[in-house]
Each structure stands twice: as structure tokens, then as C-alpha cells.
Number of protein chains: 2
Amino acid sequence: MADRASELHTTVAKRLGRLDQRYTRNRRALVDVLRAAAGPLTIDDILGRDDDLALSSAYRNLAVLAEVGVVHRVSTGDDHTRYELAEMLTGHHHHHLVCDSCGSVSDFTLTEELEQVLQQALDRVAAGADFRTDHHRLDLVGTCDACR
Amino acid sequence: MADRASELHTTVAKRLGRLDQRYTRNRRALVDVLRAAAGPLTIDDILGRDDDLALSSAYRNLAVLAEVGVVHRVSTGDDHTRYELAEMLTGHHHHHLVCDSCGSVSDFTLTEELEQVLQQALDRVAAGADFRTDHHRLDLVGTCDACR
DNA sequence: ATTTATGCAAATCGTTTGCAAACCT
DNA sequence: AGGTTTGCAAACGATTTGCATAAAT
């Protein structure tokens with residue numbers, strides 16, 4: 001656990017360094033908060049989990065972390081953009097259950113097999129439209145357990 | 001074509017009436033603009049296609065139309081929410097190609113077969129999470145033909 | 001020592017809302 | 001007439017930015 005965390009920090013530091021960015025205490029704190037989360041978090045979620053984080057710096061650092069590919073922005077439809085660690089770092093391709101009622105978001109996965117079939121179909125679509133795909137996004141939108 | 005348009009207007013009128021809402025000229029104009037579009041439109045897109053539409057009324061009417069299930073909000077990640085006719089009205093289940101670079105959004109479809117396999121898998125996920133699904137959302141995010 | 005990050009306060013911008021006039025039935 | 005919709009202008013709220021200070025290398 002400590003091992004994984006320090007490995008993660010090493011990777012993040014490397015990625016930041018590649019773009020001449022420093023791995024400061026605040027940035028480390030953001031990564032720690034996101035790492036501990038069960039799904040993508042809003043800014044308020046994030047600030048609520050570490051009292052030392054300032055709003056504007058959090059936004060700025062999340063932007064930097066997103067730019068170097070460490071953090072991924074998640075737009076669900078309500079205001080409040082959410083943030084999660086990039087799949088490249090977690091090694092965990094996943095999707096989201098988005099609750100229309102309370103706005104909560106949690107993760108789920110499909111079988112590797114279905115994911116591959118899907119990927120092939122999407123590759124075909126992209127090729128046909130001369131579209132260069134960065135990633136796909138698959139969400140379920142509805143009402144969560146707590147809200148029904 | 002005129003037939004389809006008037007059929008559409010009839011359906012919309014019915015749905016509005018069900019919630020004691022009137023089908024005014026502005027609302028008709030919005031439906032016409034969305035009907036003619038090749039993908040979901042931003043407010044600016046919409047206002048640009050009909051000079052008589054006022055900003056605040058457009059927002060309000062889109063909200064009403066969304067509430068009665070005629071219009072669907074599409075959040076792509078940049079600011080600028082987009083709007084499209086609900087699939088229930090177009091009878092055309094589709095997905096989106098989202099360009100990270102210029103923000104454009106266009107539609108695509110999967111085969112009926114894959115769509116069904118996917119639906120089954122998603123139903124299983126939802127059942128396992130006690131999640132009541134309203135709809136799913138599958139997008140390709142990347143760079144469009146014009147931007148590459 | 002020099003460059004970069006921080007955090008407060010102010011600015012920005014998409015969207016929403018108050019309200020008086022115009023509209024529909 | 002009675003209630004709804006409209007559209008301007010003002011308000012709102014999430015996010016961004018200016019700037020002087022603190023931190024990192």
C-alpha cells in the first residue's frame with residue numbers, strides 16, 4: 001500500500017518533470033486525495049478532504065496534472081466537473097454510474113471481452129469518420145441505490 | 001418531409017399539453033432548428049440559426065422541452081451544453097464523436113447487434129449495483145477530421 | 001538568486017432569474 | 001380578464017486570472 005503510493009508518486013514526478021513541472025506538496029496532496037477516492041471527485045469533495053488545499057491552487061494544479069496526463073477530467077452533466085487519476089496510472093479501465101438525482105458518480109467495469117468487442121467496433125467507426133480517437137466514454141445515467 | 005415535420009410537431013404538442021404547457025412559436029422554432037441539425041447544438045448555434053430567438057427564452061424553453069422529454073441535454077466536457085431532440089422522438093439511438101480540439105460533436109451509430117449485447121451487459125451491471133438506468137451514453141473523444 | 005507555486009480577491013462567462021410588457025385562450 | 005410567455009437587464013456560481021508573497025531548486 002505504501003509501496004503502491006510511493007510508486008505512484010514516482011511516476012507522477014517523472015511525468016511532471018518531463019514538462020518541467022515541480023511535484024509540490026499541494027500536487028502530492030491532490031494525488032493522494034484522488035488515489036483514496038472510490039470515484040471521480042468534485043472540487044468541493046477534494047477541498048473537503050484536505051483542509052490545506054486552496055481553491056484556486058487546486059484548480060491550477062489539477063489543470064497541470066491533467067496536462068501531463070496524471071489526472072482526468074470527468075464531465076457528468078451537472079455543473080461541478082469531477083477529477084480522477086488517469087487510467088494510465090491506475091491501470092484500471094472503467095466506466096461511470098451517474099446519478100441524475102444526487103449527482104454521485106461511481107465506477108464499474110465491463111468484461112475484458114466485451115470491452116474488446118466494443119473497442120473494435122469503435123475503431124471501425126472512427127476510421128470511417130477520419131476521427132482520431134483518444135479514448136471512449138461509456139456511462140450509465142439514472143438513479144442510484146440511495147436515491148430510488 | 002413536411003409530413004414528418006408536422007408529425008413531430010403534433011407529438012411535441014401532445015407532450016407539452018400533458019404537462020399543461022403551450023406550444024408557442026418560439027418552442028416550435030427551437031424544435032425546427034434542432035430537427036435540422038446534424039448533431040447536438042450549443043445555445044450559440046441555436047441562436048445563430050434563428051434571429052428571432054432570445055437567449056433567456058431559449059434557455060427557458062429548452063428547459064421546458066427537456067422536462068417533457070422532447071429535448072435532451074448533452075454535456076461534452078467543454079463548457080457550452082448542447083441540445084438535441086430526444087431519441088424517443090427521432091427514433092434514432094445514436095452516440096457522439098466529440099472533438100477535443102474544436103468542440104464539434106457529430107452522431108454515429110453502432111450495429112443493432114452490438115447495441116443489444118452492450119445493453120444486456122449494462123443491465124447486468126445496473127442490477128448488481130441497485131441502479132435504475134435511464135439511459136446510457138457512449139462517446140468517442142478525440143480529434144475530428146477537420147482538426148487533425 | 002531566480003524561477004515557479006501559492007492564495008487571496010477580483011474578473012469571467014455560461015446560465016438563471018426578476019420583472020414589466022406582450023401574448024394566448 | 002387571467003394566466004403564461006417573452007426579453008431585457010441584473011444576479012448567480014463555477015472556474016479562471018492578476019498580483020504580491022512564499023516556496024522550491
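Just so it is clear: chains get the letters A, B, ... in the order the sequence lines come, proteins before strands, and each one is counted from 1.
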Item to check | Separation of dT16(D) C1' from Asp79(B) CG (nearest whole Å) | outcome: 11 Å
Checklist outcome for this item: Rounded to whole Å, NE2 of His80(B) lies from C1' of dT15(C) at a distance of 11 Å
Next on the checklist: Which Ile, Leu, Val, Met, Phe, Trp or Tyr residues join Val74(A) in one cluster when any pair of side-chain heavy atoms under 4.5 Å counts as a link?
Outcome noted: none
Item to check | Whole-Å gap separating P (dA5(C)) and CZ (Arg22(A)) | outcome: 6 Å
Item to check | Separation of atom CZ in Arg25(A) from atom P in dA24(D), rounded to whole Å | outcome: 6 Å
Checklist entry - Among residues 36-49 of chain A, which contact DNA chain C at a heavy-atom distance under 4.0 Å? => result none
Checklist outcome for this item: Cluster membership besides Leu110(B), Ile/Leu/Val/Met/Phe/Trp/Tyr side chains within less than 4.5 angstrom, sorted by chain and number, is Leu97(A), Phe108(A), Leu110(A), Leu114(A), Val117(A), Leu118(A), Leu122(A), Val125(A), Phe131(A), Leu138(A), Leu140(A), Leu97(B), Phe108(B), Leu114(B), Val117(B), Leu118(B), Leu122(B), Val125(B), Phe131(B), Leu138(B), Leu140(B)
Checklist entry - For Leu19(A) and dA5(C), what is the distance between atoms CG and P respectively, to the nearest whole Å? => result 12 Å
Next on the checklist: side chain to side chain contact (heavy atoms under 4.5 Å, CB included), that's the test. Do Met88(A) and Arg15(A) meet it? Break it down for me.
Outcome noted: CA-CA 12 Å; Met88(A) 177 155 288; Arg15(A) 292 199 157 230; 2.9 Å; yes
Checklist entry - Would you say a side-chain N or O of Thr24(A) is under 4.0 Å from OP1 or OP2 of dA23(D)? => result no
Checklist entry - What's the spacing between Tyr59(A) OH and Leu47(A) CG if we round to 0.5 Å? => result 8.0 Å
Checklist entry - Just to confirm, is there a sub-4.0 Å distance from OP1 or OP2 of dA23(D) to any side-chain nitrogen or oxygen of Asn26(A)? => result no
Next on the checklist: At a heavy-atom distance below 4.0 Å, what parts of residues 50-68 of chain B sit against DNA chain C?
Outcome noted: Leu55(B), Ser56(B), Tyr59(B), Arg60(B)
Checklist entry - With respect to the phosphate group of dT5(D), does any side-chain polar atom (N or O) of Arg27(B) fall under 4.0 Å of OP1 or OP2? => result yes
Checklist entry - CZ of Arg28(A) versus P of dA24(D): gap in Å, rounded? => result 10 Å
Item to check | Under 3.5 Å: donor-acceptor pair, side chain of Arg22(A), backbone of Leu16(A) | outcome: no
Item to check | Listed once per pair and sorted, the side-chain hydrogen bond (donor to acceptor under 3.5 Å, both in side chains) pairs that draw on residues 40-53 of chain B, sequence neighbours left out | outcome: Thr42(B)-Asp45(B)
Checklist entry - Could you walk me through whether Tyr83(A) and His72(A) pass the side chain to side chain contact (heavy atoms under 4.5 Å, CB included) check? => result CA-CA 6 Å; Tyr83(A) 301 87; His72(A) 189 239; over 6 Å; no
Next on the checklist: Tell me whether Arg18(A) at atom CZ has more than 12 heavy atoms from other residues, nucleotides or ligands lying less than 6.0 Å away.
Outcome noted: yes
Next on the checklist: Under 4.0 Å, counting only non-hydrogen atoms across every strand here, what does Arg73(B) touch: a base, just sugar-phosphate, or nothing?
Outcome noted: sugar-phosphate
Next on the checklist: Strictly by side-chain hydrogen bond (donor to acceptor under 3.5 Å, both in side chains), give each pair with a member in residues 113-123 of chain A just once, sequence neighbours left out.
Outcome noted: His93(A)-Glu115(A), His95(A)-Glu115(A), Glu115(A)-His136(A), Gln119(A)-Asp123(A), Gln119(A)-His136(A)
